[in-house]
4 protein chains.
Amino acid sequence: MWIPIQINESSAEPLYHQIETQLRSMIVSGQLGEGTLLPSIRELAGSLNCSAITVRRVYQDLENEGLLRTKQGTGTFVSKVEEEQRGTYKQTLVQEALEAAIDSAIAVQYSKEELQALFLEMIEKKYKAAGKGGNAK
Amino acid sequence: MWIPIQINESSAEPLYHQIETQLRSMIVSGQLGEGTLLPSIRELAGSLNCSAITVRRVYQDLENEGLLRTKQGTGTFVSKVEEEQRGTYKQTLVQEALEAAIDSAIAVQYSKEELQALFLEMIEKKYKAAGKGGNAK
Amino acid sequence: MWIPIQINESSAEPLYHQIETQLRSMIVSGQLGEGTLLPSIRELAGSLNCSAITVRRVYQDLENEGLLRTKQGTGTFVSKVEEEQRGTYKQTLVQEALEAAIDSAIAVQYSKEELQALFLEMIEKKYKAAGKGGNAK
Amino acid sequence: MWIPIQINESSAEPLYHQIETQLRSMIVSGQLGEGTLLPSIRELAGSLNCSAITVRRVYQDLENEGLLRTKQGTGTFVSKVEEEQRGTYKQTLVQEALEAAIDSAIAVQYSKEELQALFLEMIEKKYKAAGKGGNAK
DNA sequence: GTGGTCTAGACCACC
DNA sequence: GTGGTCTAGACCACG
């Protein structure tokens with residue numbers, strides 16, 4: 001099983017956090033469906049070129065959040081995520097990020113109009129770059 | 001000189017970073033004009049109820065960024081920020097936050113339309129709460 | 001990893017600055033190559049007989065200059081310095097010192113000839129003392 | 001009496017030190033001859049746009065070095081400097097600066113030849129800029 | 001009064 | 001083990 005995780009080692013963001021964030025997104029967005037068998041700790045650690053202890057922590061944290069479930073001697077699987085929970089999760093995630101962005105704009109006294117213009121410009125660019133035009137539920 | 005800085009003790013964000021962020025915003029947005037004498041290290045430390053060393057670090061970091069200028073035995077002043085640089089600074093700040101938000105939306109496969117709707121809703125709410133309707137150029 | 005740093009306690013030059021200067025020279029001169037793992041903060045502090053905070057500051061300052069890169073929980077490494085940048089760095093360092101010397105000579109109205117003679121005399125002596133006759137490119 | 005002192009307020013070098021250095025050079029080089037009456041503390045402070053206490057310290061320090069002499073109610077005068085002392089003074093000053101420069105060159109592993117070339121280039125430029133071709137004793 | 005350096009030590013987060 | 005943050009306080013240098 002191959003999982004597309006990007007590590008930015010020059011970032012100040014802790015390794016384990018980068019991995020968690022990406023894995024969590026893939027799970028709640030449904031890209032990793034219920035029951036999917038994740039790579040073993042050693043395997044993922046190897047392919048990310050990081051220590052096993054870091055991956056161990058990631059799996060542990062996500063298991064504590066209820067997103068993963070581990071079966072002794074078998075492996076780590078994606079748990080069932082309720083549709084309702086899924087929606088809440090996604091929205092919370094995005095909302096918090098948007099809130100931070102708007103707050104920073106207010107802090108430097110951007111007008112609402114300026115902020116909107118900047119947002120519209122960026123959203124076009126980024127969605128195009130991501131090769132997605134809109135895959136709504 | 002009184003400076004309105006809010007500390008969130010329960011946040012995981014380091015103290016010095018919270019202070020830096022807020023001061024930086026006030027400087028690049030022009031709320032603290034060139035030449036303004038900031039409160040002394042000990043004074044600000046007292047009013048924020050933190051150690052002088054923490055404030056010292058904040059002033060030093062911002063001096064390294066070129067936003068402050070300090071003279072021993074005299075005090076710490078806001079330095080000149082070119083109009084052009086000011087614009088860039090503000091935009092970079094906001095852009096990075098927006099980018100992170102959009103990235104997270106893409107990661108959980110939000111459609112462009114969903115994201116836009118959420119953004120428009122939130123921007124209304126937050127700008128109203130901030131009691132500002134738009135102070136564009 | 002052992003690093004040859006000399007501390008002059010009786011000097012008016014701040015401790016952290018003495019250490020920074022010497023480390024910086026070793027890095028830009030290539031004596032500490034890219035990727036070299038520096039001694040841990042506590043280790044260097046111990047061997048220099050100074051506080052860990054002082055060493056921490058040194059590492060941080062050099063990181064801000066782009067000469068070091070630190071990873072939490074792992075250590076502090078020498079980062080990549082472009083050959084071009086390396087040359088510029090070295091030259092700037094020496095140039096500034098030379099400039100100060102020439103300025104002081106001009107200020108006391110030394111003639112160009114006197115200064116040159118003094119320089120030639122000293123350079124012979126000091127390079128002999130350093131046990132180096134010239135390791136040009 | 002007008003004294004050509006340049007203050008660089010963006011420098012990290014303390015104010016009093018900048019002034020002392022320049023005054024000292026003018027005295028030992030003979031530009032300010034024995035018995036010259038210096039401007040009053042208030043006067044110099046005014047023209048340098050700094051506090052009187054700073055100038056007071058400068059005069060005091062130079063008096064302690066034996067370069068100045070103060071007469072109550074009359075003013076501050078340049079003392080007699082022995083020819084021998086004058087030479088020693090000048091040489092020490094320049095020598096120390098040169099030594100620092102050569103040391104820094106050795107630290108970054110400049111070869112003797114490289115350093116010499118750089119020196120010759122700079123000395124030409126700076127002496128030309130100073131509008132002096134050589135006014136030896 | 002101001003800022004600048006340094007210490008000793010605590011406690012946390014990361015790997 | 002590593003680095004990162006923060007404290008309380010001492011002492012010095014500058015204006």
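Below, read A as the first sequence line, B as the second, and so on, with proteins coming before strands; counting in each chain starts at 1.
At the phosphate of F/dG15, neither OP1 nor OP2 sits under 4.0 Å from any side-chain N or O atom of D/S51. Applying the 4.0 Å criterion to OP1 and OP2 of F/dG4, one finds that C/T70 has a side-chain N or O inside that range.
If you measure from atom CZ of C/R69 to atom C1' of F/dG3, you get 15 Å, rounded to the nearest angstrom. Going from atom CD of C/Q60 over to atom C1' of E/dC6 covers 16 Å, rounded to whole Å. When rounded to the nearest whole Å, the span between CD of D/E20 and P of F/dA13 equals 14 Å. The distance from atom CZ of C/F77 to atom P of F/dG3 is 9 Å, rounded to the nearest whole Å. A straight line from CG of C/L37 to C1' of F/dG3 spans 12 Å, rounded to a whole angstrom. Between C/L15 atom CG and F/dA13 atom P there is a gap of 14 Å when expressed in whole angstrom units. Nucleotide E/dG4 holds its C1' atom 11 Å from the CD atom of B/E63, rounded to whole Å. The interatomic distance linking C/Q18 (CD) with E/dC6 (P) rounds to 8 Å, in whole Å.
Here the side chain of B/T76 pairs no donor or acceptor atom with the backbone of B/T70 at under 3.5 angstrom. Using modelled atom types, one side-chain atom of C/R86 and one backbone atom of C/I27 make a donor-acceptor pair closer than 3.5 Å.
Mapped onto DNA chain E by nearest heavy atom, B/S40 and A/Y16 fall at different nucleotides, with B/S40 at the one closer to the 5' end. Taking for each of B/T74 and B/H17 the nucleotide of DNA chain F with the nearest heavy atom, the 5'-most of the two is the partner of B/H17. Residue whose closest nucleotide on DNA chain E sits further toward the 5' end, between C/I53 and A/T54: C/I53. Taking the nucleotide of DNA chain F with the nearest heavy atom to each of B/E13 and C/E43, the more 5' of the two is matched to C/E43.
B/R56 contributes no side-chain N or O that forms a donor-acceptor pair with the base of E/dG4 under 3.5 Å. For a distance-only test at 3.5 Å, the side chain of D/R57 fails to qualify as a donor-acceptor partner of the base of F/dG15.
Within the 4.0 angstrom heavy-atom criterion, only backbone atoms of the sugar-phosphate kind lie near C/C50; the bases stay farther away.
Side-chain contact of A/E65 with A/Y89: a donor-acceptor pair under 3.5 Å is present, judged by distance alone. For the residue pair B/S10 and B/N8, a side-chain donor N or O sits within less than 3.5 Å of a side-chain acceptor on the partner.
Atom CE of B/M26 and atom OG1 of B/T21 lie 10.5 Å apart (nearest 0.5 Å).
Look at E/dT5: its Watson-Crick or wobble partner, with both distances under 3.5 angstrom, is F/dA10.
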